Amino acid sequence: MARNIRIAAAQLGPLHKADSRAAAVKRLTSLLREAHAMGAKFVVFPELALTTFFPRWWMEDQREVDERFFEKQIPSRETQPLFDEAKKHGIGFYLGYAELTPEGRRFNTAILVGPDGSIVGKYRKIHLPGHAEHKPKAAFQHLEKKYFEVGDLGFRVWKFMGTITGMLICNDRRWPEAFRVLALQGAEIVALGFNTPSENLHYPEPPALRVHHHLIMAQSMAFQNATWLVETAKAGTEDGFRMFGHSVIVAPTGEIAAKSQSEEDEVICHNCDIDLAANLKKTMFNFAAHRRPEHYRLIVERVGAEVTPAND
Ligand code: CDV
């Protein structure tokens, strides 16, 4: 019997600094209802979906940052309505948020919530882009290295709603290693939320080129790892800073099955045939038959590139 699951990417438009968590939860809940009306059983929300993308600001009062942008508990009084609505409809979801642990550690985190409302899995972002120091001359900051620690839970997959599902967050999508570690654990679905500025902080680059990179990465990662890939944006202009949309659901064939059109709140949905992933894993990407890890040692032994010509 075919294993199909209707998956939605629930894209958020801008959340400004002044917007409350309660307002964000209201919008997420309404997107979830829309996804339900489209028949979705699994909804993927963006990275840091409860607040504005705060790493764009240098802020010195860490207590205020914690209060405004971090979650000490999930679900909390303010986020519970989203969990309740999902459970009422029997929908599982992925949600990104800033996590403050009881020990005072801070992570850029995503959770996988089952259709019964229980938290099935947690992932803490490993590839943190940007910088930790203040760059007062830059148009904006990208301070993920200041506000978050590198995730300490590794790349994992979970048995989830009859599938094998893994989670990643935003910048992870640029690193083939992250996908391959999930695929080596049998991932059939990879869920990922993102916030990607339309402008490059480091050098001038046309916004369309940034979208092009986003799309070719999504298509190649899904195909080369034989997984469904759901990537959901927080998009639009937050307090004057634009981020692109282009949320996508990509098939294991590398084809884009659905793509958002706006930079606003928007739901896209696709009926995903999970066995398409399972079948590709038995043929073209039969890892056990074709991979040659004895020749891949440098991937784990070396971090940065070093020039080592064979004829030296
Ligand atoms: N939130 C992110 O991780 N954003 C990065 C930007 C800074 C390049 C991304 O990879 O989209």
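What you are looking at is a predicted structure, and each value in this text was computed from that prediction instead of being measured. Remember, it's 1-based here, ligands and their atoms both numbered in the order they're listed.
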Does any part of the side chain of Ile189, heavy atoms only, come nearer than 4.5 Å to the side chain of Ile164, both counted from C-beta?
no

Sorted by chain and residue number, the residues having a heavy atom closer than 4.0 Å to an atom of ligand 1 are Glu47, Phe53, Lys125, Pro129, His142, Glu144, Cys170, Asn171, Arg173, Arg174, Asn195, Thr196

Exercise. Does a donor on one side chain and an acceptor on the other come within less than 3.5 Å for Glu188 and Thr163?
Worked result: no

Exercise for review: Compute the ring centroids of Phe160 and Phe42, then answer whether they are less than 6.0 Å apart.
Suggested key: yes

Evaluate the side-chain proximity of Lys122 to Leu153: yes if any heavy-atom separation is below 4.5 Å, no if none is.
yes

With side chains defined as the heavy atoms from C-beta onward, is the minimum distance between Gln80 and Val25 less than 4.5 Å? no

Glu47 meets the side-chain hydrogen bond (donor to acceptor under 3.5 Å, both in side chains) criterion, sequence neighbours left out, with Asn108, Lys125, Asn195

